[in-house]
Amino acid sequence: MADTVREIERKYEADRTTQLPDLTGVGGVATVVEAGTEDLDAVYYDTAGLCLAAEGVTLRRRTGGKDAGWHLKLPVAPGVRDEVRAPLSDTPPAALTTLLRSRLLDRALVPVVRLRTHRTVRVLRDAGGAPLAEVAVDAVRARRIGPPAGSKKAEAAPDKARWHEIEVELAGGGPGLLDAVGRELAAAGVRPAGSASKLARALAETGQRYEGAAGPGASRGGGTAGEVVLRYVREQVRTIVELDPAVRRDLPDAVHRMRVATRRLRSAFRSYAKVLDRADTRPIGVELKWLAAELGVERDREVLTARLRAALDGVPRELRLGPVDARLRIFSERRRAGARGQLLAVLDGPRYLALLKRLHALLEAPPLRPAAARPAPDVAARAVLKDYRRLAGRMETALAAPAGRARDEALHGARKAAKRTRYAAEAARPALGRPAKKFARRIKRVQQLLGDHQDSVVARGTLRELAASAQRVGEAGFTFGLLHGREEALAADRERRLPRVWKKASRRRYRAALRP
């Protein structure tokens with residue numbers, strides 16, 4: 001069983017002679033309590049090419065101290081990491097290695113560095129005795145395990161290193177406390193550490209070079225269409241890879257964000273077919289569509305449940321006839337149980353792994369077409385405007401469709417076209433600047449209106465199912481019918497507003513601004 005601790009800390013350089021200043025009174029600190037010493041022994045695991053270290057991810061087996069066990073640290077923000085813990089075992093536990101699948105692919109984990117740390121701990125407490133932060137002064141000994149990763153030049157590097165450092169980690173206080181302690185340390189001549197972690201410093205000092213340290217999302221800028229499109233593609237691949245463990249951990253909004261990344265990537269392949277060869281991207285797009293659909297089972301349940309719950313909360317108690325709250329809860333929980341298990345099976349399956357490999361292979365050897373070498377603004381503008389024309393055609397069809405199912409389906413098709421146009425404009429921002437940003441924002445308003453309409457269509461179908469289920473067992477279906485009527489009114493309102501919103505978004509001058 002793994003649990004998670006949010007780690008917020010800052011590191012500072014030190015040596016044998018470094019003296020900590022008195023931190024009493026700093027940032028609400030009432031007392032500084034000596035907490036003794038610890039001897040920690042940690043072996044860090046990575047691939048032979050250090051692909052985890054390249055992304056700021058660490059996996060270690062540590063003994064000694066109060067939290068002995070396996071620790072997986074995933075970056076959240078600068079100075080902030082989630083530490084996922086598992087009990088001691090001889091080999092890396094599956095509870096942690098599954099969270100690394102999108103990064104490891106099928107590469108093996110091997111021990112790369114051993115760190116032995118003699119730690120002296122002081123606890124900063126408030127006036128009530130509650131811990132605010134821990135300050136650790138560490139004497140570290142590092143030893144490389146195995147040959148160095150990287151060039152032949154690295155082979156001459158030493159396999160051992162020693163240093164001292166200071167670690168300040170929050171234990172109940174706020175980020176302002178770290179700032180206050182940092183200022184006090186700076187006044188005492190203590191400077192911030194040059195490495196983000198002990199592992200990063202150990203690797204650097206023993207000649208270890210990261211494999212692909214730039215990573216899938218590193219390319220920035222560039223004047224050609226290929227450079228701009230590949231930058232966008234890399235960003236989406238990185239998002240998928242980084243969100244994989246968040247989806248597995250069931251973190252809020254993770255499924256939605258990963259699904260959006262798959263859609264943006266697939267849309268980029270279609271919108272920028274003049275840049276990336278569709279013969280290569282089309283099969284990947286099929287797999288991305290499959291993954292988005294699998295993610296959609298859970299995401300659609302989340303959205304639908306939240307919508308129905310909010311609608312039910314708006315119904316006066318005297319109009320809630322029958323156990324409507326319980327029926328909605330049971331409906332959601334049953335769907336969640338099945339969707340969650342299915343999604344985890346997908347992420348653990350061979351098809352998903354194969355897709356990740358194909359995405360990485362595409363980035364390593366992009367299938368660029370001749371237009372990729374042309375200036376980005378011209379190619380990007382043409383792609384965005386082509387998608388816009390497609391959207392305009394669908395909007396014309398939808399607005400002319402008769403009310404009912406035909407119009408619902410046409411509006412749903414227009415929604416998909418609006419997403420594609422918006423994503424194409426977002427990808428073009430580095431090339432087209434503010435006009436692309438503004439255009440994407442206006443198309444997003446159209447998309448949101450169409451999305452709200454489609455969500456109402458789905459909600460009405462579910463409400464009919466819930467009403468029928470209630471009636472079969474003799475319960476009143478009145479409340480579900482009431483909600484159905486409200487959803488009908490909402491959809492009608494969105495249909496009335498759509499022509500005005502579309503007319504504003506589709507003004508000629510907005511499109512003209514996209515042209516270089």
Side-chain angles (χ1 to χ4, degrees), residues 102 105-106 212 214-242 258-295 350-391 393-394 413 416-432 436 439-440 443 514-516:
S102 64
L105 302 179
D106 53 8
S219 177
R220 292 291 176 186
T224 68
E227 288 167 332
V228 169
V229 172
L230 284 175
R231 171 185 172 181
Y232 186 77
V233 169
R234 287 188 179 99
E235 288 172 352
Q236 307 318 312
V237 174
R238 174 175 288 280
T239 298
I240 293 170
V241 169
E242 292 181 347
M258 188 172 181
R259 187 187 188 192
V260 169
T262 64
R263 285 176 164 174
R264 282 181 167 142
L265 189 52
R266 181 167 170 254
S267 180
F269 289 158
R270 291 182 294 177
S271 297
Y272 293 96
K274 296 286 187 182
V275 176
L276 295 174
D277 196 331
R278 288 292 282 153
D280 292 270
T281 63
R282 187 177 289 107
I284 299 176
V286 170
E287 295 305 285
L288 288 169
K289 183 178 181 180
W290 159 77
L291 179 58
E294 295 291 350
L295 292 165
R351 186 173 180 179
Y352 173 64
L353 181 62
L355 171 58
L356 291 175
K357 289 181 178 180
R358 293 178 77 170
L359 289 173
H360 282 273
L362 179 137
L363 293 176
E364 290 173 2
L368 298 175
R369 298 187 64 195
R374 291 168 51 193
D378 180 62
V379 176
R382 289 175 181 273
V384 174
L385 292 174
K386 180 180 179 182
D387 281 345
Y388 165 79
R389 289 190 293 271
R390 179 172 174 270
L391 167 61
R394 291 199 178 186
K416 293 179 180 179
K419 280 186 180 181
R420 177 166 161 178
T421 305
R422 171 192 162 196
Y423 293 156
E426 289 176 347
R429 276 188 61 186
L432 302 178
F439 186 73
I443 297 299
L514 295 173
R515 299 187 183 278

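Computed from a predicted structure; not experimentally measured. Along the sequence shown, residues carry numbers from 1.
Side-chain contact between L359 and L355: present, with at least one pair of heavy atoms (C-beta onward) separated by less than 4.5 Å. Put simply, the side chain of V384 reaches to within 4.5 Å of the side chain of Y272, judged on heavy atoms. With a 4.5 Å cut-off on side-chain heavy atoms, L362 and V233 count as touching. Taking the side chain as every heavy atom from C-beta outward, V275 and R374 never approach each other to under 4.5 Å. For the pair I240 and L265, the minimum side-chain heavy-atom distance is below 4.5 Å.
In this model, a donor atom of one side chain and an acceptor atom of the other lie less than 3.5 Å apart for T281 and R278. Counted by atom type alone, T239 and Q236 present zero donor-acceptor pairs between their side chains at under 3.5 Å.
Within 6.0 Å of atom CZ in R351, more than 12 heavy atoms from other residues, nucleotides or ligands are found, so the atom counts as buried in its surroundings. Counting non-hydrogen atoms of other residues, nucleotides and ligands closer than 6.0 Å to CZ of R390 gives a total above 12.
When atom types are taken as modelled, the side chain of T262 and the backbone of R259 share a donor-acceptor pair closer than 3.5 angstrom.
A search for ring pair (Phe, Tyr, Trp, His ring centres under 6.0 Å) contacts involving Y388 returns W502, not counting sequence neighbours.
Note that OG of S271 and CZ of R382 are 15.5 Å apart. Values are rounded to the nearest 0.5 Å.
Ion pairing of E426 with R264 is present here, as a side-chain N (NZ or NE/NH1/NH2) and a carboxylate O approach within less than 4.0 Å. Under the 4.0 Å criterion applied to side-chain N and carboxylate O atoms, R422 and D387 are not assigned as salt-bridge partners.
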